[in-house]
Amino acid sequence: MPLRLYNTLTRNKTDFVPIDESNVRLYACGPTVYDHLHIGNGRMLIVFDQLFRLLRHVYGADHVKYVRNITDVDDKINQRAKERGIDIRVLTDEMTKIFHEDAAALGCLPPNVEPRATKHMAQMTAIIEKLIAKGNAYEAQGHVLFDVPSMPDYGQLSRRPLDDMIAGARVEVAPYKRGPMDFVLWKPSKAVEPGWESPWGRGRPGWHIECSAMSWTHLGETFDIHGGGIDLVFPHHENEVAQTRCAFGHDVMANIWMHNGHLQVEGEKMSKSLGNFRTIRDVVADWPGEAVRLTMLKTHYRQPIDLTISSLRESQKELDRWYPLAKQFAASPAMIAEDFLQALSDDMNTPDAITSLRRLYKEASDEVAFAGTRLASCGHLLGLFESSMAEWTHWKPAGLAIDELHVARLINARLAARKNKNFAESDRIRDELDAMGVALKDNKDGTTTWEPKR
């Protein structure tokens, strides 16, 4: 069955035909490592990890190259390092380590290549020199800027009216700019700022040129798929397209552009002022990473998603049901169910793929071993069932601290209340334990056991 993907560039779904089936190339924009990533970034990580897994299944793991960059030079990094009174490299190394831990917690495979912007200054310089030579960029007061009017079809990716593009780009008003849409490729650095020597003086790159340089270095002048969050379409991806196409003279930078939708928390846009801002680390401290992943995959990647406590709880309960069955069987790529793969092949329709998982679980529950193997195999392709049964069963929230002696005393008091038919007191104690994060299980022999609530 053909793999069909929605292309932001053309606004339709098309059959995916790689440039070279033996070397399928995917690039996704990685983090700017100045702080913990928010859970919206986590959605992007999961979406393109899922695409990576699917491409590996279709074309073979040795024939797919996934590049996800690290942006380790940026004004936000400079500011945060200054606020904390630490060296910039110390900050970026610390945040890169945390990012890797967060990605792993969400079940994301490491990319084949994870380039850092600071290691690609020569490539950035080379692209900028090409753009100047071709008349697509100009030097002004120590800056080098891309001349947007020099590219007649600029704006094909975002398809925004000019006024909207000017507003969306948060255009910097500067006397050295020829036009309001022109954007920075290189800018001068002060003595206290990080900088690199260049033909235009000591300075540092603009954000957009970094990804153009890293994708060119590791994937070539043109490649198969470029991905990222919907918020990156303009100006970041639009400007990547402009730089790369004009530098190398091609009609496209990537044949397919894929973007995941926005994420809300409990029905509202995530905001620190609203008190609903959640980092990846916050969420995976309270919920198993696989429950977060499954919750994300229940919504099609192009649609907006509302992350709620109830949706996370339902995913965790569903995995609680699936795990004991799935772990009885070994996953095999040859045992992927046809309707499951058909769903993923239709622009990564993970909601339909999960419907297939539910069918397989029901069949496996009816003692159909074939379905059990398929459940394990399909779940593995979604990045699920990666923990051992013991790890899954005994997972508990990182912040859950339970005084076990106090719990034992409350359970004994509750048993005494029940023996004396004081059911109001028994219920009160149960509610108190529930608020502490304790789940009770009353046994037929009159005893009570407990475990941390999941």
Side-chain angles (χ1 to χ4, degrees), residues 1 3 42-43 46-47 49-58 104-109 283-284 286-301 303 305-397 439 441 451-454:
M1 64 191 74
L3 173 57
R43 187 185 193 194
I46 290 169
V47 165
D49 175 74
Q50 191 57 58
L51 178 60
F52 181 38
R53 289 171 181 270
L54 178 59
L55 293 172
R56 283 161 54 100
H57 177 78
V58 174
L106 294 173
C108 297
L109 300 171
V283 177
V284 298
D286 292 337
W287 302 92
E290 284 188 26
V292 180
R293 186 182 183 95
L294 178 59
T295 302
M296 298 283 196
L297 295 177
K298 285 179 177 178
T299 299
H300 191 274
Y301 78 91
Q303 299 302 314
I305 187 172
D306 185 19
L307 190 68
T308 65
I309 296 297
S310 61
S311 65
L312 289 164
R313 182 177 292 116
E314 178 53 40
S315 293
Q316 185 170 342
K317 288 180 178 178
E318 200 153 28
L319 286 165
D320 282 341
R321 294 192 295 272
W322 292 350
Y323 243 91
L325 267 173
K327 297 307 287 186
Q328 295 178 36
F329 304 93
S332 167
M335 294 300 290
I336 300 296
E338 184 175 353
D339 62 337
F340 176 89
L341 187 57
Q342 191 168 20
L344 288 185
S345 297
D346 181 16
D347 193 32
M348 285 218 304
N349 189 338
T350 51
D352 280 3
I354 291 167
T355 298
S356 175
L357 273 190
R358 294 185 179 117
R359 174 184 62 79
L360 292 169
Y361 167 72
K362 185 177 184 304
E363 292 177 4
S365 300
D366 294 334
E367 299 184 353
V368 180
F370 187 72
T373 303
R374 288 199 154 180
L375 174 68
S377 302
C378 294
H380 180 69
L381 186 51
L382 285 183
L384 305 177
F385 313 135
E386 299 299 290
S387 297
S388 69
M389 195 64 229
E391 288 170 336
W392 179 259
T393 302
H394 296 105
W395 184 93
K396 61 182 180 180
K441 182 178 180 181
E451 62 183 17
K453 281 199 311 183
R454 291 166 50 91

Q: Report the residues that fulfil salt bridge (Lys or Arg N to Asp or Glu O under 4.0 Å) with R374, sequence neighbours left out, ordered by chain and then residue number.
A: none
Q: Using the test salt bridge (Lys or Arg N to Asp or Glu O under 4.0 Å), find all partners of R359 that sit at least two apart in sequence or belong to another chain.
A: D339, E363
Answer yes or no: is there a side-chain heavy-atom contact under 4.5 Å between [X] and [Y]?
X: R56; Y: L109; value: yes
X: L344; Y: L382; value: yes
X: R53; Y: Q50; value: yes
X: R43; Y: T299; value: yes
X: L341; Y: L54; value: yes
X: L360; Y: C378; value: yes
X: Y301; Y: D347; value: yes
X: V47; Y: L51; value: no

In Å, rounded to the nearest 0.5 Å, how long is the span from [atom1] of [X] to [atom2] of [Y]?
X: H57; Y: S345; atom1: NE2; atom2: OG; answer: 8.0 Å
X: S315; Y: E290; atom1: OG; atom2: CD; answer: 11.0 Å
X: M348; Y: L3; atom1: CE; atom2: CG; answer: 9.0 Å
X: D49; Y: R293; atom1: CG; atom2: CZ; answer: 4.5 Å
X: H300; Y: N349; atom1: NE2; atom2: CG; answer: 5.0 Å

Q) Between W322 and Y361, how do the two ring planes meet: parallel, tilted or perpendicular, split at 30° and 60°? A) tilted
Residues in ring-ring contact (aromatic ring centres under 6.0 Å, His included) contact with [X], at least two apart in sequence or another chain:
X: F329; answer: none
X: F52; answer: Y66
X: F340; answer: none

Q | Qualifying residue for side-chain contact (heavy atoms from CB on, under 4.5 Å) with L312, from L294, D286, T295 | A | T295
Q.
Please tell me whether S311 and K298 have a donor and an acceptor in their side chains that are separated by less than 3.5 angstrom.
A. no
Q. In chain order, what residues pass the side-chain hydrogen bond (donor to acceptor under 3.5 Å, both in side chains) check against H380, with sequence neighbours excluded?
A. E386
